[in-house]
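This is a predicted model, so every value here is computed, not measured. All values below come from the heavy atoms of this structure, side chains included, with hydrogens, waters and symmetry mates left out. Every chain is numbered from 1, with letters handed out A, B, ... down the list of sequences.
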Amino acid sequence: MGRNVGNPDAIHEYRSLASYSHRHMGPTTRARFVHNRRRRRRRGPYAAPDDDDEEEDQQEASSSSSSSDEGEEDAEEEGSGEVDDDDGEAAEPSGKEEEVSPVAAAARSGRKASITISLKKVCKVCKSTGHEAGFKGAVYIDCPRKPCFLCKMPGHTTLTCPHRVAMEHGVIPASRRNTNTSLDYVFQSQVKGKIPMVKPQFLIPNQLECGNIKFHQRRVTCLEFHPTKNNVLLSGDKKGLLGVWDYVKLHEKITYDSVHSCILNSMKFDTTNDGLLYTASSDGTISSTDLDTGIGSSLLNLNPNGWNGPSTWRMIYGMDFNSDKGLLLVADSFGFLHLLDRRLKARIGDPILIHKKGSKVTSLHCNPAQPEVLLSSGNDHYARIWDTRKLEPNSAFVSLAHGRVVNSGYFSPQSGNKILTTCQDNRIRVWDYIFGNLESPSREIVHSHDFNRHLTPFKAEWDPKDHTETVAVIGRYISENYNGIALHPIDFIDTSTGKLLAEVMDPDITTISPVNKLHPRDDILASGSSRSIFIWKPKTESDATEERNREKAKEFVYGSGSRKKSNGKHENSSDDDSDGSCDGKKKKKAKKTRFTHTIKGKGKSKV
DNA sequence: AGAAAATGAACCC
DNA sequence: TGGGTTCCCTTTTC
């Protein structure tokens, strides 16, 4: 509480003079920084002024606004202010002259009234005074009256949360291997110390290779690698646009804008015909698109009668493909599962309620080892395991309870024996063995991936290449201060321990990356951040050397470790690009011409 | 620079 | 149960 006490920089006084007469004021309230008086403050932040305040206000408007004793006054008040500030204006007894609303006062007096708003360190989160929440530079200060933004427990803030990620910047990725056999331990205890460290096989793709800035019109909602063409990445956005991009031949990109009319929620390749892509959308349709010809066809439409209001509009989020049966499994936003025969393009049987009626099913996943076993996740705070051969309501093997909405649930990619879920209660849950006791998860890993309506929901996903089925990747919501820049890394997590293996970020990507996909064969990560998509590769030895040299050079120029702050979003990269397409001027141009702007990350190192 | 908009889930009664 | 209200680390555009 009151961490900013005595810090004059953190204290400002804000008062706005707004006339309710439209002759004098524009549509928005005009604000100015002025001296504030204790008398006004007493009345609460939104109290109406005395009539005689008006002249003074106007005089004050022309005077300057800084004063040292203001800070002292505020600091003084903070200590006692915390108790009653919750409802400062409401707590005041009514009936006083001062309490009359300015509008009413103006109406009564027949002349323009002014309202004085004095905000002194008002917390935008809890609306009380005495403290402020928000960014102070690159550090976000939590509201102390709210539960921790990270672990959701009361009594502390994120800055002091025991679950807070505190990884050294530039840490060397840990080895992916974690399931040591007894031989390994013997090896470690007796031999390891005597031989040089073996380079870990698992490489974290932590170096920005290239990016496609604003490839999409709206934020990216899903990513998928082409199952056979190694360098082809598919992406979907909130507008329903489907993008195909060859990230080796940077200019080779195609977009299909007529596949869906709103959010493209899920993409799945037909495992028997990798030229065929199935897409699910909030427009309530499933489409199949031939990627060679671009020809698409609709396989399912859950809203054949068009828009009749939100209470009847069905959206599709979860979808998976059962290759054994040629069956497409589709779940809608009302809790129902639909089965679809891919060849007949026809529904099989009636829809089955698999989650609470009226609630959204967020994801579906068929077990890779036993495709008839289905995992569903829903807005009803459950993930459920089903046998698709004998589906009926309430026939789930098991219901896995979660604290909040479950964004996703995946079986482990190879054995299918584990389950990984992402829940909006900021916890990643792992069940180690689906045939064991599933009553409670084997582990709950606190990780910041909160819900925000403007962000694509975060989903922790397994690394498909990881034979030990331990490594998962997920974007981080909460930011961390990296050399003065608030960045949201992409986290690699060891799901067997909860340990953070690596955090992947770039100072030029200041936006959150909720969508992440690891390549099925290569050490490549694709990330979707806002409207852009990025490709990451492991840092090579020469990359690392180059980076060190660059850091040294910067230290020489800017002084000890202080890095020039990049205030921009993606397009504000200050460093140059190898193909010359990335400097400031050209970037502004690129803003206007969509889909033409591509960056090569490595070029940035050429200073 | 500051405001508005887009828009999903929780929570309240 | 349902509608109205609120809302904490967004991002973009004007």
Between Lys124(A) and Ile512(A), which is nearer to the 5' end of DNA chain C once each is assigned its nearest nucleotide?
Lys124(A)
Separation between the P atoms of dC12(B) and dC8(C), rounded to whole Å
14 Å
By centroid distance (under 5.5 Å) and plane angle (under 30°), are Tyr140(A) and dC8(C) in a stacked arrangement?
no
How are the rings of Tyr410(A) and His365(A) set to each other: parallel, tilted or perpendicular (split at 30° and 60°)?
perpendicular
Any side-chain donor near an acceptor of the partner, Thr362(A) and Asn379(A), under 3.5 Å:
no
Base, sugar-phosphate alone, or nothing: which one does Pro457(A) contact when heavy atoms must sit under 4.0 Å apart?
nothing
What is the distance from CD of Gln217(A) to P of dA6(B), rounded to the nearest Å?
16 Å
Whether each nucleotide of nucleotides 1-7 of chain C has a protein heavy atom under 4.0 Å at its base (B), only at its sugar-phosphate (S) or at neither (-) is summarised, 5' to 3', as ------B
Taking CG from Leu455(A) and C1' from dA9(B), how many angstroms apart are they, rounded to a whole number?
14 Å
Would you find a donor on one side and an acceptor on the other, under 3.5 Å apart, between the side chain of Arg531(A) and the backbone of Gln217(A)?
yes
Please give, in whole Å, the distance from dT11(C) P to Leu487(A) CG?
11 Å
Set out, line by line, the N/O atom pairs under 3.5 Å between protein and nucleotides 11-13 of chain B.
unit_1, atom_1, unit_2, atom_2, d
dC11(B), OP1, Arg404(A), NH2, 3.2

Counting the atoms with a prime plus P, OP1 and OP2 as sugar-phosphate, which does Asn379(A) contact under 4.0 Å by heavy atoms, base, sugar-phosphate, or nothing?
sugar-phosphate
Please state how far atom CZ in Phe458(A) lies from atom P in dA9(B), giving the value in whole angstrom units.
15 Å
Considering only side-chain heavy atoms of Asp142(A), which listed nucleotide, dC8(C), dT10(C), dT13(C), is closest?
dC8(C)
Residue pair Arg384(A) / Ser399(A), side-chain donor-acceptor N/O under 3.5 Å
yes
Is the closest side-chain donor-acceptor distance between Ser513(A) and His488(A) under 3.5 Å?
no
Considering only dA6(B), dA9(B), dT12(C), which nucleotide approaches the side chain of Val405(A) most closely?
dA9(B)
Is there a side-chain polar atom (N or O) of Lys360(A) under 4.0 Å from OP1 or OP2 of dA9(B)?
yes
Under 4.0 Å: is that the gap between some side-chain N or O of Asn452(A) and OP1 or OP2 of dC8(C)?
no
Are the charged groups of Asp450(A) and Arg404(A) less than 4.0 angstrom apart, N to O?
no
Thr158(A) has its side chain closest, among dC9(C), dT12(C), dG8(B), to dC9(C)
Atom-pair distance (CG on Asn426(A); C1' on dC9(C)), nearest Å
12 Å
In whole angstroms, the gap separating P of dA10(B) from NE2 of His402(A) amounts to 14 Å
Base, sugar-phosphate or nothing for Phe451(A)? Non-hydrogen atoms, less than 4.0 Å.
base
Phosphate-side-chain proximity, Ser448(A) and dC9(C), N/O vs OP1/OP2 below 4.0 Å
no
Indicate the ring-plane relationship of His338(A) and Phe336(A), choosing parallel, tilted or perpendicular according to the 30° and 60° boundaries.
tilted
Is there a side-chain contact (heavy atoms from CB on, under 4.5 Å) between Asn452(A) and Ile512(A)? Walk through the geometry before answering.
CA-CA 11 Å; Asn452(A) 179 319; Ile512(A) 295 172; over 6 Å; no
Regarding Ser527(A) and Trp536(A), do their side chains bring together a donor and an acceptor under 3.5 Å, going by distance alone?
yes
Which comes earlier along DNA chain B counting from the 5' end, the contact point of His454(A) or that of Thr362(A), where each point is its nearest nucleotide?
His454(A)
Which whole-number value in Å describes the distance from Ile141(A) CD1 to dC8(C) P?
16 Å
Would a distance-only check, ignoring hydrogens and angles, find a side-chain to backbone donor-acceptor pair under 3.5 Å from His449(A) to Tyr477(A)?
no
Could you tell me how far apart Leu159(A) (CG) and dC8(C) (P) are, to the nearest whole angstrom?
17 Å
Geometric class of the Phe135(A)/Tyr140(A) ring pair [parallel <30°, tilted 30-60°, perpendicular >60°]
perpendicular
